[in-house]
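Notes to accompany the following structure.
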Amino acid sequence: MSDSSASTAGRPRIDTSKRTWLIASGCAGAVGGVAVAVPFVSSFQPSEKAKAAGAPVEADIGALQVGEKMTVEWRGKPVWILKRSPAQVAELPKLDPLLADPQSKRNPDEFTPAYARNDHRSIKPEILVVVGICTHLGCSPVDRLQPGPQASLPDNWEGGFLCPCHGSTFDLAGRVFKNKPAPDNLPVPPHMYLSDTRLLIGDDKKA
């Protein structure tokens, strides 16, 4: 994904620099007290110098349970790894009429690699891997994984993510709902599986 991609049809694009993300995340944490800090999980991380240069990062997901989300840092960005239940995966296609880009056709080279252009936007149906930065102005959305009526969400909410800065909502595949400020789905970073329990974020040459 290129940080210097031009805007599409005049829409604002995300600035994915680490500085902007940190500032935006701080803003999100102050809005309504709804943002909760989630620590990064480090698993076999490269050196700080290598990370700054964009080196791939390994993540061990062996202990991740259904409904749990872990966060790793790659290129100064939070990458979310969420384990979904079979029922949650089965519900995703039913949301298509409510979504702005259900098939991830917008800017696919930037936001959705070929192996994630499916209903679940992932290599393995149960494991979602997305960059946790809103595509509107770079805020970091907060978890709203439980279904049902909640503040700032519709009564028929099926679970997903809410950006507290300007109200954009995303489903459990990181797809943005219609009529929201965010112009695109949450980006799927390049990644691949080294084993059933180990992910490599930042490289997909063998995916």
Side-chain angles (χ1 to χ4, degrees), residues 1-5 7-8 11-28 35 37-43 45 51-59 61 64 69-84 99-101 104 106-118 120-124 127-145 160-166 168-177 180-193 199-204 207:
M1 182 177 69
S2 171
D3 291 344
S4 59
S5 297
S7 62
T8 302
R11 295 177 302 193
R13 307 299 293 168
I14 170 178
D15 180 350
T16 56
S17 70
K18 184 172 184 179
R19 177 176 178 273
T20 298
W21 172 68
L22 290 172
I23 293 173
S25 297
C27 168
V38 179
F40 288 127
V41 177
S42 298
S43 300
Q45 299 280 15
K51 285 195 294 183
V57 177
E58 287 190 30
I61 62 172
L64 198 63
K69 187 191 83 176
M70 61 184 286
T71 304
V72 298
E73 182 180 5
W74 172 68
R75 290 188 174 179
K77 307 169 191 175
V79 175
W80 296 342
I81 305 171
L82 172 69
K83 188 168 186 177
R84 302 170 292 198
L99 302 169
D101 183 22
S104 301
R106 294 182 185 173
N107 306 301
D109 292 337
E110 181 180 359
F111 291 97
T112 313
Y115 47 80
R117 294 172 202 164
N118 46 50
H120 40 84
R121 292 189 83 219
S122 58
I123 298 174
K124 294 185 177 183
I127 302 294
L128 174 69
V129 182
V130 292
V131 176
I133 299 178
C134 181
T135 54
H136 179 218
L137 293 177
C139 295
S140 188
V142 293
D143 295 351
R144 290 294 181 265
L145 304 180
F161 310 97
L162 166 69
C163 183
C165 291
H166 298 94
S168 293
T169 48
F170 304 85
D171 73 351
L172 289 173
R175 301 177 298 176
V176 67
F177 283 85
K180 298 296 181 180
D184 293 291
N185 298 332
L186 296 179
V188 174
H191 67 282
M192 62 184 182
Y193 285 84
L199 268 170
L200 185 66
I201 311 296
D203 188 357
D204 59 4

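What you see below is based on every heavy atom in this structure, not just the backbone, and it leaves out hydrogens, waters and symmetry mates.
Side-chain atoms of Ser104 never come within 3.5 Å of backbone atoms of Arg117 as a donor-acceptor pair (strictly under, hydrogens ignored). Remark: side-chain polar atoms of Asn185 are paired, donor with acceptor, to backbone N or O of Asp101 under 3.5 angstrom. Remark: the backbone N or O of Ala182 is paired with a side-chain donor or acceptor of Ser168 at under 3.5 angstrom. In this structure, the side chain of His191 engages the main chain of Pro189 through a donor-acceptor pair within 3.5 Å. At least one donor-acceptor pair under 3.5 Å links the side chain of Asp171 to the backbone N or O of Ala173. Put simply, the side chain of Arg106 gets close to the backbone of Pro183: a donor and an acceptor are under 3.5 Å apart.
Checked against salt bridge (Lys or Arg N to Asp or Glu O under 4.0 Å), Arg121 has no partners two or more places apart in sequence or in another chain.
When every heavy atom of Leu64 is checked against every heavy atom of Leu82, the shortest pair comes out as CD2-C, 4.4 Å. Annotation for Arg84 and His120: closest pair NH2-O, 3.0 Å, computed over non-hydrogen atoms. Val79 and Trp74 get closest at one heavy-atom pair: CG2-CB, 4.0 Å. When all heavy atoms of Ser122 and Lys124 are compared, the pair lying nearest together is OG-O, 2.7 Å. A pairwise comparison of heavy atoms in Pro141 and Pro164 identifies CA-CD, 4.2 Å as the closest pair. Contact between Phe161 and Leu128 at its shortest, heavy atoms only, is CE1-CD2, 4.3 Å.
Under the 4.5 Å side-chain criterion, counting only non-hydrogen atoms from C-beta, Pro187 is in contact with Thr135. Within the 4.5 Å cutoff, the side chain of Pro113 has heavy atoms near those of the Val188 side chain. Proximity of Val131 to Trp80: side-chain heavy atoms (C-beta onward) are nowhere separated by under 4.5 Å. At a threshold of 4.5 Å between non-hydrogen side-chain atoms, the residues Pro78 and Ile133 count as touching.
The SG atoms of Cys139 and Cys165 lie less than 2.5 Å from each other.
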Residue pair Phe170, Val130: steps toward the side chain to side chain contact (heavy atoms under 4.5 Å, CB included) verdict:
CA-CA 11 Å; Phe170 304 85; Val130 292; over 6 Å; no
Is there a side chain to side chain contact (heavy atoms under 4.5 Å, CB included) between Ile61 and Lys83 once you walk through the steps?
CA-CA 9 Å; Ile61 62 172; Lys83 188 168 186 177; over 6 Å; no
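Atom CG of Leu162 sits about 11.5 Å away from atom CG of Leu145, to the nearest 0.5 Å. Interatomic distance, Glu73 CD to Ile201 CD1, rounded to the nearest 0.5 Å: 12.5 Å.
Under the side-chain contact (heavy atoms from CB on, under 4.5 Å) rule, Met192 has a single partner from Leu200, Val129, Leu199, which is Leu200.
Side-chain atoms of Thr169 and Arg144 form no donor-acceptor pair, as typed in the model, at a separation below 3.5 Å.
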